[in-house]
Amino acid sequence: MRKVILISGILLFSSLLFAKSIFFWIEDVPWDDGKALTIKANVSADTVYLQKALDDGKWQTLYAANGTNFSYTDSGLNPDVKYQYRLLVPRPAFNDTIFFAAVAQPEEQWFYLHKLSYLLILLAVSIAIIYYVQNARKGKDYYIRRISGLDCIEDSIGRATEKGKPILFVPGIMDLDDIQTISSLTILSHLAHKAAEYDTEIIVPCRFSMVLSAAREVVKEAYIKAGKPDAYNQDRIFYLTDDQFGYVAGIDGIMVREQPAANFFLGSFYAESLILAETGFSTGAIQTAGTAQASQLPFFVVTCDYTLIGEELFAASAYLSRDPQQLGSLKGHDFGKLLVIILIVAGVITEMAGWQWFKAFFEGAQ
Amino acid sequence: MSGFMATFGLWLSVFFTLSIFSFLYKDNPFYKLSEQIFVGLSAAYWLVYLYYSVMVPNLFNKLFTDFKGNLILLIPTALGLLMLLRLIPKTQWLSRYPIAIMIGTSAGINMVRYAKTDLLGQISATMINPFASDNVITVIGNILLIVGTICGVYFFYFSKKQEGIRAVPSKLGIWFLMISFGASFGYTVMARISLLIGRLEFLLKDWLHIIK
Amino acid sequence: MKYKVPLIFAFVCGILVVISEFIPHRPFNMLITTLQDWFMIISGFAILLGQISLFQSNIKKIKNKNPDWPFYLAGLISFAIMLVFGLLWGTQEYAGIFGQGDKIQAVVGMKPFDYLFNNAFMPLSATMFSLLAFFIASAAYRAFIIRSFESNLLMITAVIVMLGRTSFGGMLTSWLPEGLKFLHLPNLSDFIMEFPNSAAQRAILISAALGIIGSSLRIILGIERSYLGGEK
Amino acid sequence: MSVNKNTQTERRIIYLVLLIAVALPLIFPIGWKTEVSNYTKMAWDLVENTPDSSVVVFSFDYDPSTITEIQPMAEAMLEHSFSRNQKIIAVALWPQGVQMADQAFKVALQKYPDKKYGIDYVNLGYKVAGIVAIQAMGKSMQEVFPSDQSGIKYEDIPMLKKVKTLKDVAYICSLSSGTPGIKEWVMAARDPLGTPVTGGTTAVSAPGLLPYVNSQKQLYGLLGGLKAASEYETLINKIGSATIKMDAQSIAHLLILAFILIGNIKAFVTKKRSEQ
């Protein structure tokens, strides 16, 4: 009986000497933040127990499973610490248990390899955008096709001036951290500039304080650029409430009371979009809407005269402002779209041909 | 006493329900009153829950229990207070620092998350072999899915005038979009109706006890 | 000075978030965690700012006798009452300054804050939303006029999906033989949702995502400054 | 003003007809049957096949304005999850979500009175900053939730012993009516961490979320609107508040279709007359 333990002990001792024992070894989980180790074993036994040495010397059993190509990933570790594991292999035939031990330290890599395709696409689109923006800044003029929704902006202001009624501009119900709100403010600056020239009042109810202050700055700039700093009335750009429905109810009240001739709903909208568009519809105002919120587009398409669909909102702010940065980045987006179309076509072809690796590369198999 | 309060509460909610519905007839003082009470209540609600759920556990508790360990939290608190300076016109420019941090961080997060889930995720989800399934309906569906996505993306291509041969994919794209808008409209009619059903059930059941 | 430093802040925070997505190594995952905690605290103060500026604008409206000033006063009073209830007796889970307020709970049946929530805030919020059903009905009647082939397409799909989404639709076409099972309204409606709708929604998601990547990049690189307000 | 007058009366008639069309089936129920769509079935499968006593997250990201659609989903899914003996962590990205969670738990606990707070379910309350809060939860739950709603420390809650980050959770079910909601959970939890996400939303947002139900299962099925809620109720054979309202729903739909038809005929006739 003792002989058996002696032999297994020597066996074990020798396995520690080889770089990688064929029975029990530890691999660092590649390409991660060094917080995980994969413990593998290949022992012909029906149940083996994996134990981990705790700092107080005791052994904590982590996992028990069949011995043949046994594998367990221990996570939540610390990259600076060495961890000691041992594998208990009870052998009922010899009624003893031999154990294998191993020590390892998780390594921190500098890159998540499975995110390579993710990084490549992000880099491709970003470099395209930066390239086009730099060129646009150097004065290169890029062509953008006319977006039909924008013609309406010019006639809306003309109509509002004829009727002597104000323009209502709703910059969406989300905060400044929503990109649609920022594009909406870019269109607001162009619109306010036009409104200042035609001496038409512009009302901008805001839902968040940051949007409020940004909108005030933007409209003030527009009035100064139009040479009418004193016509700028800060009180027409005001805060209503943080709550989605308090905000909409407030705007409804304004529409019914002040009867604006032109309504603009540009930015991020949710369920309340129909209340706005329907009440605006009933006051007979000419309405332009624009949002990248797909769930609200049907309502705007149904009840507004013009609707900027999805990315047209971002394109409109670039088209209107002719601002080199926005023009350049729009060309970058178009590059991205061509890239997307090419990738989808290539992906479909490789899938049909049965080469799974192409799609797996883009899925970034975890 | 609490029995009286319960019935008073019921009548209060009936009053508010009917005064909001009165907006359908025309804008009237009852609606305006309820509108402003709603604005006030929701503002207070946000503030109370902000204080109890966020400010106390994530900030004040940490600072009071072990001030030393959480010294670093003084920086965001200071930035937050700077944000409040926006209320005083003279010191408004100071609030630009916390706003810049907020907008910069959100821009970084948006860029990374949208690229992974909406760009990469949707591209790889469209890389399917349409003829893989045996059911002919799914095959047609998958072809529509691939063609629809490509033409839809092409519709948002702004660099070329969409005439002649290039008008075909763009036309297809707007058709797919219109089908999708029709589907969304149909879906949404149900949503709006069910909200009305909810309120009518309240009026008919809890108030008028017409339905059990 | 007033623009350069904030732009640098925005650049550093943005780049840090993007880099920490790809680099697992030590400094970045720690930095991103602290940045996220700070973000949550600052956005708490931003909400506070919103409430105070609401307070300010309402007081201004009351002071200079804006036509609806009594309603704004009612709004402020309800704001103050709800706030005081919340702070004094707390909410369902949180204890206020006076603890759980058992005496008042015995009188009112629940905490005053929750009482106002259930009997005032909830009906107001739910009813406001249900107005949409009326607006969708009148929009369907008036605005839903076939103008072009596209709006025709929109309408036919809407009718199919609306019938498919109700139990009535299922009964209408339940007599269809096995071969034509595809035309059974619920199946047809599910087909439209699963394929053409997902394709178009996917196109919108992709192009919107590209737009968002572009705008975020411009904000991080300081090209887009309108959120700071004003001159380039 | 006269044009505005007759449109006003026209609108008021439409409103009245709709009111009656919705009220009648509530008073005299008809009892039509609903068929279960595969999106609802997928969400049901995820809850059904999650192993016994695994820890799951329910996120309440909606407010009272959408309770008619989402509250029945919350009650049905909570009951189903309790029936599978899963441990439920309730969080909220909307402030009102906390009250919605309490009301949903009250209903679910009537059916399962033996579930104990802290062992079978816990409510960690509301956190601000939406997607940023989710990403922070992905790194460390304790950092975001130092204590639960009633002040018990995170580490003293028995069921949260093995839950360090969102990766240690079996699935996340987000009941949402907007932003932050299901999309943020897919973006900040499903894609980076791999934890399956399912959820329920209003019928408004459902079409926009369907592209995520794809081959990669970015979203593991989706409940969209009152019909999906009543489908889920039939799956766990419960006659809940959603099923009762389905008759009124169908009648109202038929009415809207009738409005569309009449509206178009009227427009066609007036166009014909104006051409003569």
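What you see is a predicted model; the values in this text were computed from it and never measured. Throughout, protein chains are lettered first and strands after them, A, B, ... in sequence-line order, and every chain is numbered starting at 1.
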Ranked by heavy-atom pairs below 4.5 Å to chain B, first place among C:Ser189, C:Ala120, C:Ala74 goes to C:Ala120

Select, from C:Leu87, C:Leu205, C:Leu210, the one with the greatest count of heavy-atom pairs under 4.5 Å involving chain B. C:Leu205

With the side chain counted from C-beta on, respond yes when B:Ile179 and C:Leu154 share a heavy-atom pair under 4.5 Å apart, and no when they do not. no

Students often mix this up, so state it plainly: with edges at 30° and 60°, are the rings of C:Phe134 and B:Phe21 parallel, tilted or perpendicular? perpendicular

Salt bridge check: are B:Arg113 and C:Glu21 linked by an N-O gap of less than 4.0 Å? yes

Residues of residues 137-144 of chain B contacting chain C, heavy-atom criterion under 4.5 Å, by residue number: B:Ile137, B:Thr138, B:Gly141, B:Asn142, B:Leu144

Where at least one partner belongs to residues 198-221 of chain C, residue pairs that pass salt bridge (Lys or Arg N to Asp or Glu O under 4.0 Å), sequence neighbours excluded: C:Arg218-C:Glu224

Against chain B, label C:Phe22 side chain, backbone, both or neither, depending on which of its atoms sit under 4.5 Å from a heavy atom there. neither

Could you tell me which residues satisfy side-chain hydrogen bond (donor to acceptor under 3.5 Å, both in side chains) with B:Ser124, sequence neighbours excluded, listed by chain and number? D:Gln216

Can you check whether B:Phe176 reaches C:Phe195 side chain to side chain, under 4.5 Å on heavy atoms? no

Of the listed C:Ser215, C:Ala137, C:Ser20, C:Ser130, the one with the largest count of heavy-atom pairs under 4.5 Å with chain B is C:Ser130

Among C:Val84, C:Val107, C:Val18, C:Leu163, residue most engaged with chain B (heavy-atom pairs, under 4.5 Å): C:Val107

When only heavy atoms count and the cut-off is under 4.5 Å, which of residues 195-208 of chain B reach chain C? B:Leu195, B:Leu196, B:Arg199

Given the options C:Ile32, C:Ile204, C:Ile212, C:Ile156, which has more heavy-atom pairs under 4.5 Å with chain B than any of the others? C:Ile212

What residue, out of C:Ile42, C:Ile15, C:Val159, has the most heavy-atom pairs lying under 4.5 Å from chain B? C:Ile42

Can you find a heavy atom in the side chain of B:Val54 that is under 4.5 Å from one in the side chain of C:Met40? no

Structural part of B:Lys171 lying under 4.5 Å from a heavy atom of chain C: side chain

